[in-house]
Amino acid sequence: MTRPPKARIRNSFERAAPSYDDAAVVQRRVCARLAAGLPDTLTASRILDAGCGTGFAQPLLCQRFPAAHAIALDFAPAMLQRVGAPCCRLAGDLEHLPLADTSIDLYWSSLAVQWCDLPRALAEAHRVLTTGGHLALASLGPATFHELRTAFAGIDGHRHTLTFHTAEEMRHLASDACFGAVDVEKNTEIAHYADFKSLLRAVKALGANQLGEGRRTTLLSRAAFSRAAETYENLRTAAGLPLTYDVITLHARK
């Protein structure tokens, strides 16, 4: 499973930082769902928000764990600059966390690990968690952005979306990383847009427009773009043009 070069991912999210919050409607819903899934009995004095973005999760985590020391970590410094909640801000890579072993009680990550080598990110999560520590993460599944794949299928042979792990693959990878009590759930979130251009602008505003190998490296012709837009129109609902997020949430313990 290929991913874009890290420098390209970082640059994309650096550029997206000013527009991210306005576009992140689904991302906020996913974050709230992940928070609602935390065990009622869970306690944590040290929390890592891994891939924090602009910090939407921080107030949710602070409300749940008011006495905890919170660390907001992201690959893109421009995202960290927009974290408003009181916390420790740290620039870092989820595959190489700049944290000591067994230093975190709750590893939280909402819609970030899909940009990583997941086995490596899970290994790092296991390393930094204390014994009995909790892993809570949300990622994206294979049906994510399937409408875009349909729209571009007849246009060219390039990849227009990332590939993602299935829920079962995530379950097995968490077990392979020595996590126990692994609980995986799938949910579908759908955003709607007035037109094709607005939809593509929203994807770009989120920083989610970067692809790895097989991506198109030249601009689409106007005719090709129009054909893709016409194909997408066949998917229109009363709410607008749909864009699906196949959301996988995973909770586990070390």
Side-chain angles (χ1 to χ4, degrees), residues 1 3-14 17 20 27 30-31 34-35 38 42-58 60-62 64-65 68-83 85-140 164-165 169-182 207 210 248-254:
M1 187 172 294
R3 289 289 178 267
K6 290 186 179 182
R8 189 187 303 144
I9 296 173
R10 182 190 292 111
N11 290 340
S12 182
F13 283 104
E14 286 281 291
Y20 185 87
Q27 285 69 18
V30 172
C31 204
L34 186 61
L38 291 172
L42 180 63
T43 59
S45 59
R46 295 162 295 179
I47 299 171
L48 172 65
D49 183 356
C52 65
T54 58
F56 177 76
Q58 287 300 306
L60 297 177
L61 295 171
C62 184
R64 176 66 189 274
F65 308 101
H69 174 69
I71 301 172
L73 179 145
D74 202 89
F75 205 37
M79 287 287 190
L80 286 173
Q81 291 173 5
R82 293 180 173 270
V83 177
C87 60
C88 173
R89 296 166 184 79
L90 186 62
D93 183 348
L94 272 63
E95 297 175 26
H96 305 278
L97 292 172
L99 297 170
D101 295 356
T102 63
S103 59
I104 298 296
D105 301 309
L106 170 60
Y107 178 104
W108 163 285
S109 184
S110 185
L111 297 187
V113 296
Q114 67 270 13
W115 296 103
C116 302
D117 177 89
L118 186 55
R120 179 62 189 168
L122 287 171
E124 279 292 271
H126 191 273
R127 178 182 68 79
V128 301
L129 275 169
T130 55
T131 300
H134 190 86
L135 171 74
L137 64 84
S139 188
L140 297 175
F164 302 102
H165 288 288
E169 287 172 341
M170 290 184 62
R171 183 192 304 276
H172 287 306
L173 288 171
S175 296
D176 289 346
C178 298
F179 283 101
V182 179
Q210 293 300 316
I248 300 171
T249 57
L250 185 150
H251 290 270
R253 295 192 67 186
K254 178 174 176 179

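Contacts of Glu14 classified as side chain to side chain contact (heavy atoms under 4.5 Å, CB included), with partners at least two apart in sequence or in another chain: Arg10, Ala76, Pro77, Ala78. For Gln114, the side chain to side chain donor-acceptor pair (under 3.5 Å) test picks out no residue, with sequence neighbours left out. Every side chain to side chain donor-acceptor pair (under 3.5 Å) that Thr54 has, sequence neighbours left out, goes to Asp21. Residues passing the side chain to side chain donor-acceptor pair (under 3.5 Å) test with Thr130 are Asp105, sequence neighbours excluded. With sequence neighbours left out, Ala121 forms a side chain to side chain contact (heavy atoms under 4.5 Å, CB included) with Cys116. Partners of Tyr20 under the ring pair (Phe, Tyr, Trp, His ring centres under 6.0 Å) rule, at least two apart in sequence or in another chain, do not exist in this structure. With sequence neighbours left out, the side chain to side chain donor-acceptor pair (under 3.5 Å) criterion links His251 to His134. Shown here are the salt bridge (charged side-chain N to carboxylate O under 4.0 Å, His left out) partners of Arg120, two or more places apart in sequence or in another chain: Glu124.
Nearest heavy-atom pair, Ala44 versus Ala68, reported as atom, atom and distance to 0.1 Å: O-CB, 3.4 Å. Heavy atoms only, all atoms of each residue included: Trp108 and Ala57 are closest at NE1-CB, 3.4 Å. The minimum heavy-atom distance between Ser109 and Ala50, with the atom names listed, is OG-O, 2.8 Å. Residues Ala125 and Leu135 approach most closely at CB-CD1, 4.0 Å, considering heavy atoms. Considering every non-hydrogen atom in both Phe179 and Ala252, the closest pair reads CB-CB, 3.9 Å. What you find for Gln58 and Ala85 is that their closest heavy atoms are CB-CB, 3.5 Å.
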Item to check | Leu137 vs Leu122, side-chain contact (heavy atoms from CB on, under 4.5 Å): CA-CA, chis, key distance, verdict | outcome: CA-CA 10 Å; Leu137 64 84; Leu122 287 171; 3.9 Å; yes
Item to check | From CA spacing to verdict: side-chain contact (heavy atoms from CB on, under 4.5 Å), Val83, Asp74 | outcome: CA-CA 10 Å; Val83 177; Asp74 202 89; over 6 Å; no
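Distance check: Cys31 SG to Leu61 CG gives 7.0 Å after rounding to the nearest 0.5 Å. We find the CG-CD1 distance between Leu250 and Ile248 to be 9.0 Å, quoted to the nearest 0.5 Å. Taken from SG in Cys178 to NE2 in His126, the straight-line distance is 5.0 Å, to the nearest 0.5 Å. Atom NE2 in His165 sits 8.0 Å away from atom OG in Ser139 (nearest 0.5 Å). Note that the CZ atom of Phe164 and the CE atom of Met170 stand 11.5 Å from one another [nearest 0.5 Å]. Between the CG atom of Leu80 and the CZ atom of Arg89 there is a distance of 8.0 Å, given to the nearest 0.5 Å.
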Distance-only check: which donor-acceptor pairs under 3.5 Å involve side-chain atoms of residues 91-99, not counting sequence neighbours?
{"residue": "Asp93", "atom": "OD1", "partner": "Glu95", "partner atom": "N", "Å": "2.9"}
{"residue": "Asp93", "atom": "OD2", "partner": "Lys6", "partner atom": "NZ", "Å": "2.5"}
{"residue": "Glu95", "atom": "OE1", "partner": "Lys6", "partner atom": "NZ", "Å": "3.2"}
{"residue": "Glu95", "atom": "OE2", "partner": "Asp117", "partner atom": "N", "Å": "2.9"}

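One N or O on the side chain of Arg253 and one on the backbone of Gly132 form a donor-acceptor pair closer than 3.5 Å.
Identified under the side-chain hydrogen bond (donor to acceptor under 3.5 Å, both in side chains) test for residues 170-181, with sequence neighbours left out: Glu168-Arg171.
Taking 4.5 Å as the limit, every side-chain heavy atom of Leu60 sits out of range of all side-chain heavy atoms of Leu34.
A centroid separation of 6.0 Å or more is found between the aromatic rings of Phe75 and Trp115.
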